[in-house]
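Here is the structure we will look at, set down as structure tokens.
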Amino acid sequence: MVSLLVAAGLSPREALAAATSAPADRFALKDRGRIAPGLRADLLLVDGDPTADIDATLDIAGVWLAGRRLPGR
């Protein structure tokens, strides 16, 4: 989905924010949307720099849900 936002004209950084921190802010979800101590740890680790190349979001190296790494990645 974020690649479609980039194709529509957003920068990779803007597209990532549109998929993470912007909805969290809009819906007042104060425990998610960014990485900081005390916040919910739902993370997607990718191999590459998605701020430079949004397709790096497709090369998933690991997934964490509520601070626990999911098996298989």
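Worth knowing before you read on, the calculation uses all heavy atoms, side chains too, and leaves out hydrogens, waters and symmetry mates. Remember, it's a predicted structure, so these values are computed and weren't measured experimentally.
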Is it true that [X] and [Y] fall in one hydrophobic cluster, defined by side-chain heavy atoms closer than 4.5 Å?
{"X": "Leu65", "Y": "Ile60", "answer": "yes"}
{"X": "Ile35", "Y": "Trp64", "answer": "yes"}
{"X": "Leu44", "Y": "Met1", "answer": "no"}
{"X": "Leu45", "Y": "Leu43", "answer": "yes"}

Q: Please report the closest heavy-atom contact between Pro12 and Pro50, naming both atoms and the distance.
A: CB-O, 3.2 Å
Q.
Could you report the tightest heavy-atom contact between Ala17 and Pro23, atom names first, then the distance?
A. O-CD, 3.7 Å
Q: With sequence neighbours excluded, give me every salt bridge (Lys or Arg N to Asp or Glu O under 4.0 Å) pair touching residues 9-32.
A: Asp25-Arg34
**Q.** Spacing of OG belonging to Ser3 relative to CG belonging to Leu10, to within rounding of 0.5 Å
**A.**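 Nearest 0.5 Å value for the OG-CG distance: 12.0 Å.
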Side-chain donor-acceptor pairs under 3.5 Å in residues 51-59, sequence neighbours left out?
residue: Thr51; atom: OG1; partner: Asp49; partner atom: OD1; Å: 2.5
residue: Thr51; atom: OG1; partner: Asp49; partner atom: OD2; Å: 3.3
residue: Asp53; atom: OD1; partner: Asp55; partner atom: N; Å: 3.2
residue: Thr57; atom: OG1; partner: Ile54; partner atom: O; Å: 2.7

Q | Backbone N/O of Ala66 and side chain of Asp42: donor-acceptor pair under 3.5 Å | A | yes
Q | Neighbour count >12 (heavy atoms, 6.0 Å) for atom CG, Leu29 | A |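 More than 12 within 6.0 Å, yes.
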